[in-house]
Amino acid sequence: MDEGETFQEAVLKLVMRIPKGRVTTYGRVATEIKGSVHAARAVGQALAKNPHPGVIPCHRVVRSDGDVGGYSGGIAKKIELLRAEGIEIEGRRVKNINEVLFQFSGVGTG
DNA sequence: GGGTGGGCTTGTA
DNA sequence: TTACAAGCCCACC
């Protein structure tokens, strides 16, 4: 991330790059920024406190297990948003997580 | 200005 | 499936 950018900013910016109908995992974001999957917790913190709700598709971030994880507005809400994008959700997990899983690698277009 | 605790996680046994 | 441990950042005192 840029030196002037903070961890939170980096997370938000990265999540903003997630296209519609796609999702990513906390670990992916954490690895892209800190290179440590354990930073996933910090990623959740950044999203939980996203200063730009609506601009930051924090609902497109799920757990590596496919579970939608949590959501400040409610897990049910997160599921509804994902389904609204065409993502299949079963119970609290993404069925085609492997298909909608967005990868930052190879997206270096901008 | 310094120290501690909690959180939208992950991986292994 | 359940329980435990590791590492990261922000907020509070």
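A note on names: the letters A, B, ... follow the listed sequences, proteins ahead of strands, and every chain is numbered from 1.
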Enquirer: Send over the distance from A:D65 CG to B:dC8 C1', rounded to a whole Å.
Expert: 14 Å
Enquirer: Could you give the NZ-to-C1' distance, from A:K49 to C:dC12, as a whole number of Å?
Expert: 11 Å
Enquirer: What's the closest nucleotide to the A:S72 side chain, out of B:dC8, C:dG7, C:dA11?
Expert: B:dC8
Enquirer: Between the side-chain atoms of A:Y26 and the base atoms of B:dC8, is any donor-acceptor pair under 3.5 Å?
Expert: yes
Enquirer: Nearest-Å distance, CG (A:L12) to C1' (C:dC9)?
Expert: 13 Å
Enquirer: Any stems for DNA chain B, made of 3 or more Watson-Crick or G-U pairs in a row, each with both distances under 3.5 Å?
Expert: B:2-7 with C:8-13, B:9-13 with C:2-6
Enquirer: Rounding to an integer number of Å, can you tell me how far A:H38 NE2 sits from C:dC9 C1'?
Expert: 15 Å
Enquirer: With respect to the side chain of A:A39, which nucleotide from C:dC8, C:dC10, B:dC8 is positioned closest?
Expert: C:dC8
Enquirer: Are A:L101 and A:V29 joined in one hydrophobic group, where the rule is that I, L, V, M, F, W and Y side chains link up if heavy atoms are under 4.5 Å apart?
Expert: no
Enquirer: Can you tabulate the close N/O pairs, meaning under 3.5 Å, that link protein atoms to atoms of nucleotides 4-7 of chain B?
Expert:
residue : atom : partner : partner atom : Å
B:dG7   : O4'  : A:Q45   : NE2          : 3.1
B:dG7   : N7   : A:R41   : NH2          : 2.5

Enquirer: In whole angstroms, how far is the P atom of C:dC8 from the CD atom of A:E32?
Expert: 17 Å
Enquirer: Restricting to non-hydrogen atoms, name the atom on A:R17 and the atom on A:F102 that form the minimum distance, rounded to 0.1 Å.
Expert: O-CZ, 4.0 Å
Enquirer: When you check the phosphate oxygens OP1 and OP2 of B:dC8, does a side-chain N or O of A:R63 lie under 4.0 Å from one of them?
Expert: no
Enquirer: Of the options A:V94, A:I79, A:V68, which is the one that meets A:I87 in a side-chain contact (heavy atoms from CB on, under 4.5 Å)?
Expert: A:V94
Enquirer: Would a distance-only check, ignoring hydrogens and angles, find a side-chain to backbone donor-acceptor pair under 3.5 Å from A:R93 to A:G66?
Expert: no
Enquirer: Which nucleotide in the list C:dC8, C:dC10, B:dT10 gets nearest to the side chain of A:V37?
Expert: B:dT10
Enquirer: Taking only Lys NZ, Arg NE, NH1 and NH2, and the carboxylate oxygens of Asp or Glu, determine whether A:R22 and A:E85 approach each other closer than 4.0 Å.
Expert: no
Enquirer: To the nearest 0.5 Å, how far apart are NZ in A:K13 and CD1 in A:I33?
Expert: 10.5 Å
Enquirer: Provide, to the nearest angstrom, the distance between the CG atom belonging to A:D67 and the C1' atom belonging to C:dT1.
Expert: 14 Å
Enquirer: Distance-only, no hydrogens or angles: does the A:K78 side chain make a donor-acceptor pair with backbone N or O of A:V61 under 3.5 Å?
Expert: yes
Enquirer: For A:F7 and C:dA11, give me the distance from atom CZ to atom P, rounded to whole Å.
Expert: 13 Å
Enquirer: Can you name the closest pair of heavy atoms from A:A30 and A:S36 and give their distance?
Expert: CB-O, 3.2 Å
Enquirer: Can you give me the closest heavy-atom contact between A:L47 and A:Y26, atom names plus distance?
Expert: CD1-CE2, 3.8 Å
Enquirer: Where the side chain of A:A40 is concerned, which of C:dC9, B:dT9, C:dC8 is the nearest nucleotide?
Expert: B:dT9
Enquirer: Could you tell me how far apart A:L14 (CG) and B:dC8 (P) are, to the nearest whole angstrom?
Expert: 20 Å
